[in-house]
*Asks:* 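Take a look at this one; I'll ask things after.
Just the heavy atoms: all of them, side chains too, but no hydrogens, waters or symmetry mates, feed the values below.
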Amino acid sequence: MSQFQQTLNSYRILAHPLYTIGTYDSGVTVLSQQIRALNLVWALVESGTVNCSDGLEPMNIAIVGGGFAGLTFAAGLLEKNVNADIFLFEERDTLLPLQQGSDSRWLHPHTYNWPREGSQVGAAMLPVMNWTAARASDVVVQVLTEWTRLARPKSNIHLYCNARHLHIDEHHTENGRFHIEWVGELRDVDGTVKTNHRGSAEGNSGNFDIVVLAVGFGVETSTNSYWRNETFAQPSLHQPRRTYLVSGQGDGAMIDVLRLCISQYRQDRILEELFAGKPTLVERLKQLETKHQDPGYRELFNDFEDLKAWCAGEYEELLNQLRNRLRRDTVVILHILVEKFAQLFEPATARISFQNKLLIYLLYRCGGFVPTTSDESQLRLEHGIDDERYVKRHGVKPELQLRRILSGRLRAWLPIPPIALSQHKQSDVPRWEGGYFGYPGPEKLASALPPELKREWRKEYLPDAIALLGSTLSSAIAGVIRASHFDHSRLRVTLHRTVIIQDEELLQQTCDYASDFEEKGSEATAGRTFPNDSATIGLAYGARQIIRTVKGVRAERLNEATGQMKLEIASRPMSRKVRFVLAIPLLEPEDHYSLQTPVIGVIYIDSEADDFFVSDEELEALVALAQRFLSEMEKRDGFSRIRNQRPSLTSTTQCARREIPAEVTDVFEVVAGIEPPRSTRPLQLNFDYSDFAPPQAENRKC
């Protein structure tokens, strides 16, 4: 069975083209659901279940649910140019309805991975429907803006909101197809009322080849739903002290206890505010978080109790910081079902993230709240707790969402626990290769795409700060070269950074080419990714030395040689007029580096000028400029609210150097005697905006 079919089986209900996204999974973050949605697109495309060419009759695909999963799945289909009419059904009046206008909740794509490497990166790093950490309402704006940009030019998107009646059944005559009837309002792709359309509901029905259930996890039955705005985190304006009862033992309950107990609590800030400058403690927590991933690990509470023994100074300072942050206007009671508080830390009892277990433990040690198993009604009566201060976080029942819209025959297909939990566990680790959503169709056809499609393809998320840095360095280098670039032929300069995408180390173009003689904006090439063995930049990456064309090489031979080095696998062919190419790698220390190779990035230069050549003397000036750039980047890990974050841990096994292939040694040479620019410590280029600039605390000794 192929990996594509294996992936599809985790989404598909029995052998039918009825798929669910994340319904039976425990990881319920926005990012997890988006990755699952894109993994499903990848599996459908690569298995040939959906077609990406225009030669056949379009399929009809129904997506039930206009939340993050449903929209991301639809966007993935659009990016792969799937030949289908896509019907998107949303039960409520707008897209992303749960998080729409939710200003009291924060979304951060990676924070639940803390303290792992990359957990503080504020960008989701998705190739489709990307977003950055912010209030839930602001993330909605980001994602809807991207969705509208992708979907508005398309004519194959049909969006129905207020789909209050939706019924899915097997097609009565055609095996493997479905019949759906619905009552809903036809909307513009962004969820607004169509022009010249009154927005009134209409009854309709249709036949569908594929149905994807992206119904989410359901809405809580309590009146104070998790995503509704409230004032728990705000100081009381009328009473000096108010008592709250929080009932539940999941992440939602823990977050509300933290908000009610800690002054100026923000989910995206609290970890760095408390743990900055405590390296020994953080290192121990990394070890415990690794253990926490083992389902059989039951000693987390005891290990938290032993933290003081690892670094007494840092631990006591942490508790003092938290004690100073305790609110004095609230009393919080946490009602739990387990017999004692320590049982909350066992995997069989409560599904709580590692970071929330840690924070609730520390808050418990500071006496910030009172855990109890007493009767809730009695507690409310005893403490005078009204409905406004009674917070129920008892979870949701996602399977009820499915049963409500499926016919009796289809409901019989649905798996029941524990079968559902084992057979339908969907990975939230990306399955697709870097650049996959930058071109239409399956991977096997990518290299055969026409050159005009390859000009702006294989793009991945590129932080604006990196684009600015790349543009600044490239334009400075172009200015230096221009002094010896006498004619008006094309000169191009750009910077590629080394980036990890799906455990693959790629080279990503950080900015459009700095060039005097191309129409501005004619090539939006920033963000493109290249395999690290492709073309001239791949030579410099593999050799870890400066590579340039041999003086006097003919343009025809240079063009032929770049074709031999797999350029056309990742890009359109190089211009046949190019006569000179130079690639300068930026390196980390050889003995200690953060990437699979010590290559931070590669500066790329090409020219169409006759007899143009960068001599050793001129090259030394360029290297000095690039060395100064690296030195300045090393001095600071951030510029106030722009921070340099390592996105992930990578292999510490050094990749072997690669020599210039023998078949192109007549075209390219290693520049002997001039060392590439090199940092003095491990360095990656991943500067990005952060809403929070943490205090620059010095490391403290235990």
*Asks:* Give the intermediate values and the outcome of side chain to side chain contact (heavy atoms under 4.5 Å, CB included) for residues Leu95 and Val140.
*Replies:* CA-CA 9 Å; Leu95 296 171; Val140 166; over 6 Å; no
*Asks:* Judged by atom type as modelled, is there a donor-acceptor pair below 3.5 Å linking the side chain of Asp209 to the main-chain atoms of Asn60?
*Replies:*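 Yes.
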*Asks:* Could you go step by step and tell me if Phe68 and Val139 meet the side chain to side chain contact (heavy atoms under 4.5 Å, CB included) rule?
*Replies:* CA-CA 10 Å; Phe68 284 102; Val139 172; 4.0 Å; yes
*Asks:* Restricting to non-hydrogen atoms, name the atom on Pro153 and the atom on Arg149 that form the minimum distance, rounded to 0.1 Å.
*Replies:*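 Smallest interatomic distance, heavy atoms only, reads CD-O, 3.3 Å.
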*Asks:* Is it the case that the side chains of Arg36 and Asn39 hold a donor-acceptor pair, with the cut-off being a distance below 3.5 Å and no angle test?
*Replies:*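 No, no side-chain donor-acceptor pair sits under 3.5 Å.
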*Asks:* May I ask you to decide if Ala43's main-chain N or O and Ser47's side chain share a donor-acceptor pair within less than 3.5 Å?
*Replies:*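 Looks like yes, one N/O pair under 3.5 Å.
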*Asks:* Over 60° means perpendicular and under 30° means parallel, so classify the ring planes of Phe208 and Phe87, tilted if in between.
*Replies:*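 Aromatic pair Phe87/Phe208 classed perpendicular.
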*Asks:* Check for a donor-acceptor pair, side chain of Glu46 on one end and backbone N or O of Glu443 on the other, with a separation under 3.5 Å.
*Replies:*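 Looks like yes, one N/O pair under 3.5 Å.
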*Asks:* Donor-acceptor pairs under 3.5 angstrom involving side-chain atoms of residues 121-129: please list them, not counting sequence neighbours.
*Replies:*
none

*Asks:* Report yes or no: do Asn51 and Asn83 form a side-chain donor-acceptor pair below 3.5 Å?
*Replies:*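 There is no such pair between these side chains.
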*Asks:* Can you tell me how far the CG atom of Leu8 sits from the CH2 atom of Trp42, to the nearest 0.5 Å?
*Replies:*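 Reported value, rounded in 0.5 Å steps: 8.5 Å.
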*Asks:* Should the pair Trp413 and His16 be assigned to parallel (<30°), tilted (30 to 60°) or perpendicular (>60°) ring geometry?
*Replies:*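 The rings of Trp413 and His16 lie parallel, inter-plane angle below 30°.
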*Asks:* Closest heavy-atom contact between Ala84 and Pro58?
*Replies:*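 Closest approach of Ala84 to Pro58: CA-CB, 4.2 Å.
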*Asks:* Taking atom types as modelled and ignoring hydrogens, do the side chains of Thr111 and Gln355 form a donor-acceptor contact shorter than 3.5 angstrom?
*Replies:*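 There is such a pair between these side chains.
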*Asks:* Would you check if Lys357 and Leu344 make a side-chain contact, meaning some heavy-atom pair closer than 4.5 Å?
*Replies:*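 Heavy-atom side-chain distance check fails, nothing below 4.5 Å.
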*Asks:* Step through the shown structure and confirm whether more than 12 heavy atoms of other residues, nucleotides or ligands are within 6.0 Å of CD on Glu181.
*Replies:*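 It does: Glu181 CD has more than 12 such atoms within range.
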*Asks:* Spell out, as yes or no, whether a donor-acceptor pair under 3.5 Å connects the side chain of Arg411 to the backbone of Leu406.
*Replies:*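 The answer is yes, because a donor-acceptor pair under 3.5 Å joins these two groups.
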*Asks:* So, do Ile168 and Phe89 sit near enough that their side-chain heavy atoms are less than 4.5 Å apart?
*Replies:*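 Result no, sub-4.5 Å side-chain heavy-atom pair not found.
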*Asks:* So do Phe178 and His171 actually touch side chain to side chain, heavy atoms under 4.5 Å?
*Replies:*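 When only atoms from C-beta onward are counted, Phe178 and His171 do not touch, as no gap falls below 4.5 Å.
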*Asks:* Does Glu289 form a salt bridge (Lys or Arg N to Asp or Glu O under 4.0 Å) with Lys286? I'd like the steps, not just the answer.
*Replies:* CA-CA 5 Å; Glu289 195 274 338; Lys286 287 181 179 180; over 6 Å; no
*Asks:* Kindly compute the distance separating OH (Tyr461) from OG1 (Thr529), expressed to the nearest 0.5 Å.
*Replies:*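 Nearest 0.5 Å value for the OH-OG1 distance: 15.5 Å.
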*Asks:* Would Arg152 and Asp190 pass as an ion pair if we require N to O under 4.0 Å?
*Replies:*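 Salt bridge: yes.
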*Asks:* Looking at Ile405, Val211, Asn204, which one forms a side-chain contact (heavy atoms from CB on, under 4.5 Å) with Ile180?
*Replies:*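 Going through Ile405, Val211, Asn204 one by one, the side-chain contact (heavy atoms from CB on, under 4.5 Å) with Ile180 is satisfied by Val211 alone.
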*Asks:* Mark yes or no: Lys459 above the aromatic ring of Tyr439, with NZ or CZ under 6.0 Å from the six-membered ring centre and no more than 45 degrees from the axis.
*Replies:*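 No, cation not above the ring by the 6.0 Å, 45° rule.
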*Asks:* When you compare the side chain of Thr72 with that of Gln33, does any pair of heavy atoms fall below 4.5 Å?
*Replies:*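 No. Closest side-chain heavy atoms not under 4.5 Å.
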*Asks:* So which heavy atom on Glu90 is nearest to which on Gly67, and how close?
*Replies:*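 That would be OE1-N, 4.1 Å.
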*Asks:* Could you tell me whether the side chains of Gln142 and Thr132 share a donor-acceptor contact shorter than 3.5 Å?
*Replies:*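 Checked: Gln142/Thr132 side chains pair up, N/O donor to acceptor below 3.5 Å.
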*Asks:* Roughly how far, to the nearest 0.5 Å, is the CZ atom of Phe4 from the CG atom of Leu44?
*Replies:*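 Taking CG in Leu44 and CZ in Phe4, the distance rounds to 12.0 Å.
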*Asks:* Does atom CG of Asp464 have more than 12 heavy-atom neighbours, drawn from other residues, nucleotides or ligands, at distances under 6.0 Å?
*Replies:*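 Incorrect, the count does not exceed 12.
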*Asks:* Return the CG to CG distance between Leu38 and Asp428, rounded to the nearest 0.5 Å.
*Replies:*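 Answer for the CG-CG pair, Leu38 versus Asp428, is 12.0 Å.
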*Asks:* Does Val429 form a side chain to side chain contact (heavy atoms under 4.5 Å, CB included) with Ile35? I'd like the steps, not just the answer.
*Replies:* CA-CA 7 Å; Val429 176; Ile35 292 174; 5.8 Å; no
*Asks:* With a 4.5 Å limit on heavy-atom distance, are the side chains of Leu78 and Phe437 in contact?
*Replies:*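 No, their side chains stay 4.5 Å or more apart.
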*Asks:* Is the closest basic N to carboxylate O distance between Arg105 and Asp256 below 4.0 Å?
*Replies:*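 Here Arg105 pairs with Asp256 in a salt bridge, since their nearest N and O are under 4.0 Å apart.
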*Asks:* Glu91 versus Leu166: any side-chain heavy-atom pair under 4.5 Å?
*Replies:*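 With C-beta onward as the side chain, the pair stays apart.
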*Asks:* Supply the atom-to-atom distance Asn356 CG to Asp251 CG, rounded to the nearest 0.5 angstrom.
*Replies:*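 Asn356 atom CG to Asp251 atom CG measures 4.5 Å (nearest 0.5 Å).
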*Asks:* Look up atom CG in Asp93 and atom CG in Asn162, then write down how far apart they are to the nearest 0.5 Å.
*Replies:*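 The distance works out to 4.5 Å.
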*Asks:* Tell me whether Arg187 is salt-bridged to Glu185, with the criterion being a basic N under 4.0 Å from an acidic carboxylate O.
*Replies:*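 Salt bridge flag = yes for Glu185 with Arg187.
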*Asks:* Considering non-hydrogen atoms only, spot the tightest contact between Glu170 and Leu410 and give its length.
*Replies:*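 Smallest interatomic distance, heavy atoms only, reads CG-CD2, 3.6 Å.
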*Asks:* Indicate yes or no: at least one non-hydrogen side-chain atom of Val212 is less than 4.5 angstrom from one of Leu40.
*Replies:*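 Answer yes - side chains close enough.
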*Asks:* Do you know which two heavy atoms are closest between Tyr436 and Gly441, and how far apart they sit?
*Replies:*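 Looking at all heavy atoms of both residues, the closest pair is OH-O, 4.4 Å.
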*Asks:* Between Gly434 and Leu506, which heavy-atom pair has the shortest distance, and what is it?
*Replies:*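 For Gly434 versus Leu506, the nearest heavy atoms are CA-CD1, 3.8 Å.
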*Asks:* Do the non-hydrogen side-chain atoms of Ile210 and Met59 ever get within less than 4.5 Å of each other?
*Replies:*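 Yes. Closest side-chain heavy atoms under 4.5 Å.
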*Asks:* Test Glu146 against Asn130 for side chain to side chain contact (heavy atoms under 4.5 Å, CB included), laying out the working first.
*Replies:* CA-CA 8 Å; Glu146 176 67 5; Asn130 190 57; over 6 Å; no
*Asks:* Between Tyr265 and Glu273, is there a side-chain donor-acceptor contact under 3.5 Å, judged purely by atom types and distance?
*Replies:*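 No - no donor-acceptor pair under 3.5 Å links their side chains.
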